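Notes follow once the structure below has been shown.
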2 protein chains.
Amino acid sequence: MSRAPLTDPEHAPVSDSAAGDTERALAHAAEHCEAHGARFTKARRRVLALLLAQQQPLTAYQLLDLLREHQPGAQPPTVYRALDFLMRNELVHRIESTNSYLPCNHQHCGHHPARDAHWPQFLLCDSCGETREVPLDGALRQALTLQARDYGFEVGARPLELHGLCAACRKA
Amino acid sequence: MSRAPLTDPEHAPVSDSAAGDTERALAHAAEHCEAHGARFTKARRRVLALLLAQQQPLTAYQLLDLLREHQPGAQPPTVYRALDFLMRNELVHRIESTNSYLPCNHQHCGHHPARDAHWPQFLLCDSCGETREVPLDGALRQALTLQARDYGFEVGARPLELHGLCAACRKA
DNA sequence: GCCTAATATGTTATAACATATCAATTCATT
DNA sequence: AATGAATTGATATGTTATAACATATTAGGC
Ligand SMILES: [Zn+2]
Ligand SMILES: [Zn+2]
Ligand SMILES: [Zn+2]
Ligand SMILES: [Zn+2]
């Protein structure tokens, strides 16, 4: 897997709006954790901030390299523990087809939280690496559920990963 | 990941019908390779035979352990090369969510080979591990394609992995 | 049959991804 | 401050997959 260059939010300044988005996402995460009695510690915040600063998903070891710029003693468990926490709290998703991690974009927040559990879908461009999280709902969700039922299966809400080409790469 | 006990087709006799199925599948694979100018060597045949003898997908290293019963010097590349070949020739699929491999069930053969490329779908039971390959077609295929297109994406034919509960496990 | 090029396999080492274990620290609660 | 639970540090290991290079086998032209 070859991947794009990475951004460190504290060393490489980003645009004001992107920095603002990151701050808002971190504040949201803090609230979310507080509301669930989960501790949003510095280590966890740092990992989420690094992910938020990227345009692309990161692997755990890319994240570890970035983390070590601030925290030279960081080890694999440092990263994996933070990722586990963030995933348990639905702040981060894992992309299984690329062994990489990205922040949840929270498109699910505010939509029927009970009936309509968070069931994300990822559109992954095989050309440029763009990874877009979109809700898995509507006709697609229904078709999935019904077709699985035809085979006796009850499908769970595990994220769906769809590979292909994004709009920009289709033109090129 | 804990997995079910494994079967070695040459050491642990299976039912006559299962053995017959394996033989038919191997013969089919040989024909298929011949038709495409691909060499269905002993090493590749052996790996496919081991996969066909199982009720479940195997990891590469489970396969390696089985292979070593006949071929004590086998190494990881031995298995991975055979798997690469078998996957290139659509005789085996990789399940990304479990890092495991299983034989293609060829439900796609004989159905509009040109228009309707092999686009498999796997129904994975999270309780018993059953892995069922079914065609990705009809309303689900259309819904996938159309929903992706709404976001500007052109989806490719990479297998879809749906986790959930099989019929038997739903009852229990 | 013999040569050659391509393909496949053997062999060793290492990259890439993830977890187990136990000690030390932090933190909320009493 | 003492207690116990959660978190983090530190070391080691487990699991999945590929790189690199040598050797062997095969197919096809002569
Ligand atoms: Zn999400
Ligand atoms: Zn793209
Ligand atoms: Zn198939
Ligand atoms: Zn089941």
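These figures come from a predicted structure and were not determined experimentally. Proteins get letters first, then strands, A, B, ... in listed order; numbering begins at 1 in each.
Contacts of B/D84 classified as side-chain hydrogen bond (donor to acceptor under 3.5 Å, both in side chains), with partners at least two apart in sequence or in another chain: none. Scanning for side-chain hydrogen bond (donor to acceptor under 3.5 Å, both in side chains) contacts around B/Q71 gives B/R46, with sequence neighbours left out. Residues satisfying the salt bridge (Lys or Arg N to Asp or Glu O under 4.0 Å) criterion with A/R88, sequence neighbours excluded, are absent altogether. Contacts of A/E130 classified as side-chain hydrogen bond (donor to acceptor under 3.5 Å, both in side chains), with partners at least two apart in sequence or in another chain: none. Applying the ring pair (Phe, Tyr, Trp, His ring centres under 6.0 Å) criterion to A/F122, with sequence neighbours excluded, gives A/H93. For B/R24, the salt bridge (Lys or Arg N to Asp or Glu O under 4.0 Å) test picks out B/D21, with sequence neighbours left out. Partners of A/A38 by side chain to side chain contact (heavy atoms under 4.5 Å, CB included), not counting sequence neighbours, listed by chain and number: A/C33, A/F85, A/N89.
To the nearest angstrom, P of C/dT7 lies 17 Å from NE2 of B/H36. Rounded to a whole Å, the CG atom of A/N99 is 18 Å from the P atom of C/dA15. The distance between atom CG of A/L83 and atom C1' of D/dT8, rounded to the nearest whole Å, is 15 Å. For the pair A/L63 CG and C/dA18 P, the interatomic distance rounds to 12 Å; values are reported in whole Å. At whole-Å resolution of the value, CZ in A/R94 and P in C/dA18 are 4 Å apart. When the C1' atom of C/dA16 is taken as reference, atom CG of A/L58 falls 15 Å away, rounded to whole Å. Taking atom CD of residue A/E96 and atom C1' of nucleotide C/dA18, one finds them 14 Å apart after rounding to whole Å.
At a threshold of 4.0 angstrom between heavy atoms, the contacts of A/F85 with the nucleic acid are absent. Nucleic acid contact for A/Y101: sugar-phosphate only, since backbone atoms but no base atoms lie under 4.0 Å from a heavy atom of the residue.
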Exercise. What string of B, S and - do you get for nucleotides 25-30 of chain C, 5' to 3', if B is base contact, S is sugar-phosphate-only contact and - is no contact with any protein heavy atom under 4.0 Å?
Worked result: --S---
For this session: Going 5' to 3' through nucleotides 9-14 of chain C, assign each nucleotide B (protein heavy atom under 4.0 Å from a base atom), S (under 4.0 Å only from sugar-phosphate atoms) or - (no protein heavy atom that close).
Result: BBBB--
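Between the side chains of A/N105 and A/R132, no donor-acceptor pair of N or O atoms lies under 3.5 Å.
In this structure, A/R158 pairs ionically with A/E96, as a charged nitrogen and a carboxylate oxygen lie closer than 4.0 Å.
Phosphate proximity of D/dT7 to A/Y80: absent, as no side-chain N or O sits under 4.0 Å from OP1 or OP2.
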